[in-house]
Amino acid sequence: MPTAAPSAASRIAVVTGASGGIGAATARRLAAAGYRVVLTARRKDRIEALAEEINAAGHSAAAYQLDVTDRAAVDEFALAFKTIGVLVNNAGGALGADPVATGDPADWRSMYETNVIGTLNLTQALLPKLDASGDGTIVVVSSTAGHGTYEGGAGYVAAKHGSHVLAETLRLEIVGRPVRVIEIAPGMVKTDEFALTRFGGDTDKAAKVYEGVAEPLTADDVADTITWAVTRPSHVNIDLLVVRPRAQASNTKVHREL
C-alpha cells in the first residue's frame with residue numbers, strides 16, 4: 001500500500017519525548033515523510049540539536065521545551081497552533097523493577113504522571129487543533145507492558161495499561177470526528193536510555209535486560225511502525241499494533257543465546 005502524503009491542512013506533527021530513543025527516531029521518520037515536526041521534551045539542548053539535524057537534511061523541524069506533566073505549560077504550547085495533523089504521545093518511561101510489596105510509591109506516581117497524565121494533557125490541549133485539520137491522527141505509544149503483567153513491573157504495567165485504556169476509550173468517544181486514534185505497543189526495544197533510566201543508572205542491571213538477545217527492536221524499528229500507521233489513507237485506522245522482536249514471544253518468554 002503506498003504511503004499517503006500529508007495534506008496541507010494536516011502536515012504538522014507534534015512528537016513528545018523527542019529528545020532521544022523512539023521519539024527522536026519518529027521525528028526523523030515523520031519529517032522524511034513530509035511532515036513539519038514539532039519536537040517537545042524537557043531537555044532543550046537535545047531537541048534543538050535534533051531540529052538542526054532535520055532542517056539540515058532538507059526537512060522541517062522546530063524545537064519546543066516542554067514538560068508534558070505541566071498542564072499550564074501544555075496549554076500555552078497549544079496556543080501556537082490553529083491546526084495540527086498528528087500528535088505522537090511518546091513521552092513516558094519506566095522507573096524501578098521492585099515487587100508490589102516494596103515498590104516506591106514516588107516511582108509509581110511519576111510513571112503515572114508522565115505516561116498517562118502527560119498523554120491526557122497533550123491530547124486534551126491539541127484535540128481541537130486535530131479536529132480543525134479535518135484529518136487528524138493521535139498516536140499513543142504504550143507498551144506490551146500495558147497488555148500483560150510480569151513480576152517486578154506492576155508500576156510500569158499499571159501506567160502503560162492506563163495509556164492503553166485512554167487510547168481505547170478516546171477512540172470510542174470521538175468516533176465520527178475526523179481524528180484517528182492509533183496505539184503502538186512495542187515490546188523489547190534497546191535504546192541508550194530506557195533500561196538505564198529504569199535502573200537508576202546501573203549499567204550492569206540495564207545490560208542484563210538485553211543479555212543474550214541477538215536482535216531486540218531498535219528505536220528506528222518502532223519509528224518505522226509509527227510512521228507506517230500514520231501514513232495510511234485517512235479512512236484506515238490502525239487501532240492497535242503490537243510489535244516485538246522475533247526473539248520475544250511474550251513479556252516473560254524471550255529467547256537468549258547464552
Would V140 end up clustered with V116 when hydrophobic side chains under 4.5 Å apart are linked, directly or stepwise? no
Under the criterion side chain to side chain contact (heavy atoms under 4.5 Å, CB included), I'd like the reasoning laid out for Y35 against I12: C-alpha separation, chi angles, the key distance, then a yes or no. CA-CA 6 Å; Y35 289 90; I12 296 175; over 6 Å; no
Whether D224 side chain and D220 backbone form a donor-acceptor pair below 3.5 Å: no
Between V139 and I184, is a side chain to side chain contact (heavy atoms under 4.5 Å, CB included) present by the stated rule, with each step listed? CA-CA 7 Å; V139 178; I184 305 294; 4.1 Å; yes
If you round to the nearest 0.5 Å, how far is NZ of K44 from OG of S19? 14.5 Å
Using the salt bridge (charged side-chain N to carboxylate O under 4.0 Å, His left out) rule, take E193 and R46 through it: C-alpha gap first, then chi angles, then the decisive distance, then the call. CA-CA 14 Å; E193 295 183 300; R46 293 248 190 139; 3.5 Å; yes
Side chain to side chain contact (heavy atoms under 4.5 Å, CB included) between L50 and E53: does it pass, once the steps are laid out? CA-CA 5 Å; L50 179 56; E53 174 198 319; 3.8 Å; yes
Hey, is the main chain of D239 close enough, under 3.5 Å, to the side chain of R171 for a donor-acceptor pair? yes
Nearest atoms (heavy-atom pairs only) where A219 meets T191: CB-CG2, 4.1 Å
Tell me every residue that passes side-chain contact (heavy atoms from CB on, under 4.5 Å) with E76, counting only those two or more places apart in sequence or in another chain. Y64
Is a donor on one side and an acceptor on the other found under 3.5 Å between the side chain of N251 and the backbone of T144? yes
Is there a continuous path of hydrophobic side-chain contacts, each under 4.5 Å between heavy atoms, that joins V181 to L166? no
Main chain of A247, side chain of H255: is a donor-acceptor contact present, judged purely on distance under 3.5 Å? no
Where the side chain of Q65 meets the backbone of R42, is there a donor-acceptor pair that is under 3.5 Å apart? yes
Under the side chain to side chain donor-acceptor pair (under 3.5 Å) criterion, do R71 and Q124 qualify, and how do the steps go? CA-CA 10 Å; R71 184 53 187 258; Q124 287 184 338; 2.6 Å; yes
Sidechain-backbone polar pair: R180 side chain, H235 backbone, donor-acceptor under 3.5 Å: no
Donor-acceptor pair, distance only, cut-off 3.5 Å: does the side chain of N90 make one with the backbone of T16? yes
Rounded to the nearest 0.5 Å, what separates atom CG in L170 from atom CZ in R177? 8.0 Å
Which heavy-atom pair separates S133 from I84 by the least distance, and what is that distance? CB-O, 3.2 Å
Is the backbone N or O of A94 less than 3.5 Å from a side-chain atom of R198, with the two atoms forming a donor-acceptor pair by type? no
Please tell me whether T218 and D221 have a donor and an acceptor in their side chains that are separated by less than 3.5 angstrom. yes
Atom CD of E151: over 12 foreign heavy atoms under 6.0 Å: no
Quick check: does any side chain N or O of T102 sit under 3.5 Å from a backbone N or O of D98, one acting as donor and the other as acceptor? no
First locate atom CG of D75, then atom CG of D70, and finally report the distance between them rounded to the nearest 0.5 Å. 9.0 Å
Does M111 belong to the same Ile/Leu/Val/Met/Phe/Trp/Tyr cluster as I117, with side-chain heavy atoms less than 4.5 Å apart forming each link? no
Answer with yes or no whether the hydrophobic clustering places V165 together with Y112; edges join I, L, V, M, F, W, Y residues whose side-chain heavy atoms lie under 4.5 Å apart. no
Atom CG of D192 with >12 non-hydrogen neighbours under 6.0 angstrom: no
Decide if atom CZ of R246 counts as having more than 12 heavy atoms of other residues, nucleotides or ligands within a radius under 6.0 Å. no
Using a distance-only test with no angle check, is there a side-chain donor-acceptor pair under 3.5 angstrom linking T123 and N89? yes
Would you check, one step at a time, whether the test side chain to side chain donor-acceptor pair (under 3.5 Å) holds for T69 with E113? CA-CA 6 Å; T69 68; E113 285 286 337; 5.3 Å; no
Shared hydrophobic cluster, V74 / L120 (ILVMFWY, side-chain heavy atoms < 4.5 Å): no
Measure the spacing between NE2 of H59 and CD1 of I54 and express it to the nearest 0.5 Å. 8.0 Å
Could you check whether the rings of F81 and F77 sit parallel, tilted or perpendicular, using 30° and 60° as the cut-offs? perpendicular
Output, in order, the C-alpha distance, side-chain angles, deciding distance and verdict of side chain to side chain contact (heavy atoms under 4.5 Å, CB included) for H147 and L240. CA-CA 11 Å; H147 297 266; L240 169 64; 3.7 Å; yes
Looking at OH of Y210 and CZ of R256, how far apart are the two atoms once the value is rounded to the nearest 0.5 Å? 10.0 Å
Only one of V14, T40, L30 clears side chain to side chain contact (heavy atoms under 4.5 Å, CB included) with V88; which? L30
Distance-minimising heavy-atom pair for G93 and F194: CA-CE1, 4.2 Å
For P186 and S142, the nearest pair of non-hydrogen atoms, with its separation, is CD-O, 3.5 Å
If you count the non-hydrogen atoms of other residues, nucleotides and ligands that lie under 6.0 Å from CZ in F199, is the total more than 12? yes
If I compare all heavy atoms of I226 with all of T26, which pair ends up nearest, and what's the gap? CD1-OG1, 3.5 Å
Where the side chain of Q248 meets the backbone of M188, is there a donor-acceptor pair that is under 3.5 Å apart? yes
Compare every heavy atom of A51 with every heavy atom of L39, then report the nearest pair and how far apart it is. CD1-N, 3.6 Å
Quick one: OH on Y156 to CG on L95, what's the gap to the nearest 0.5 Å? 10.5 Å
